[in-house]
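Here the structure comes first, spelled out in structure tokens, and everything after it is commentary.
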Amino acid sequence: MTEKEFTDKSITLSFEFDRYLINHPDIADKIPLGASIIFELEDDPEFTVKESKLGEELKKQGEKFVIVRVKKLLPPYESRLVNPELIAA
């Protein structure tokens, strides 16, 4: 996994987790203020190893973090628009 792939996946997971928290505020309440999020992806052990190393560094520095274990990340959905047409004005 390249550094770009890792970064892209991290950004995607962060965005999707933010969306999840909007619909599950009870989970958001369990995250300490100022804590970092470390993701574990069950279907991507290489990503999880890299995230775990980040967690170890945070722990050494005395920083707060929580681990979010995710079974998998589904592919992005297509647009919900059906047959949009552009009409020249």
Between Phe17 and Phe39, what is the ring plane arrangement, given parallel below 30°, perpendicular above 60°, and tilted in between? perpendicular

Indicate if Val49 and Leu73 have the same hydrophobic cluster label, given that clusters are the connected sets of ILVMFWY residues with side-chain heavy-atom separations under 4.5 angstrom. no

Establish whether Leu21 and Val68 are linked, either directly or via other cluster members, by ILVMFWY side-chain heavy-atom contacts under 4.5 Å. yes

Supply the atom-to-atom distance [X] [atom1] to [Y] [atom2], rounded to the nearest 0.5 angstrom.
{"X": "Asp29", "Y": "His24", "atom1": "CG", "atom2": "NE2", "answer": "13.0 Å"}
{"X": "Asp44", "Y": "Glu51", "atom1": "CG", "atom2": "CD", "answer": "10.0 Å"}
{"X": "Ile37", "Y": "Ile31", "atom1": "CD1", "atom2": "CD1", "answer": "4.0 Å"}
{"X": "Gln61", "Y": "Ser36", "atom1": "CD", "atom2": "OG", "answer": "9.5 Å"}
{"X": "Leu41", "Y": "Lys9", "atom1": "CG", "atom2": "NZ", "answer": "5.5 Å"}

Under a 4.5 Å cut-off applied to non-hydrogen side-chain atoms, are Phe47 and Leu13 in contact? yes

Side chains of Arg69 and Glu42: closer than 4.5 Å at any heavy-atom pair? yes

Using a strict 4.0 Å threshold on nitrogen-to-oxygen distance, state whether [X] and [Y] make a salt bridge.
{"X": "Lys53", "Y": "Glu56", "result": "no"}
{"X": "Glu3", "Y": "Lys50", "result": "yes"}
{"X": "Lys4", "Y": "Asp8", "result": "yes"}

Please give me the minimum heavy-atom distance between Pro32 and Val66, naming the atom from each residue. CD-CG1, 3.7 Å

If you take all heavy atoms of Asp43 and Lys72, which pair is closest and at what distance? OD2-CB, 3.1 Å

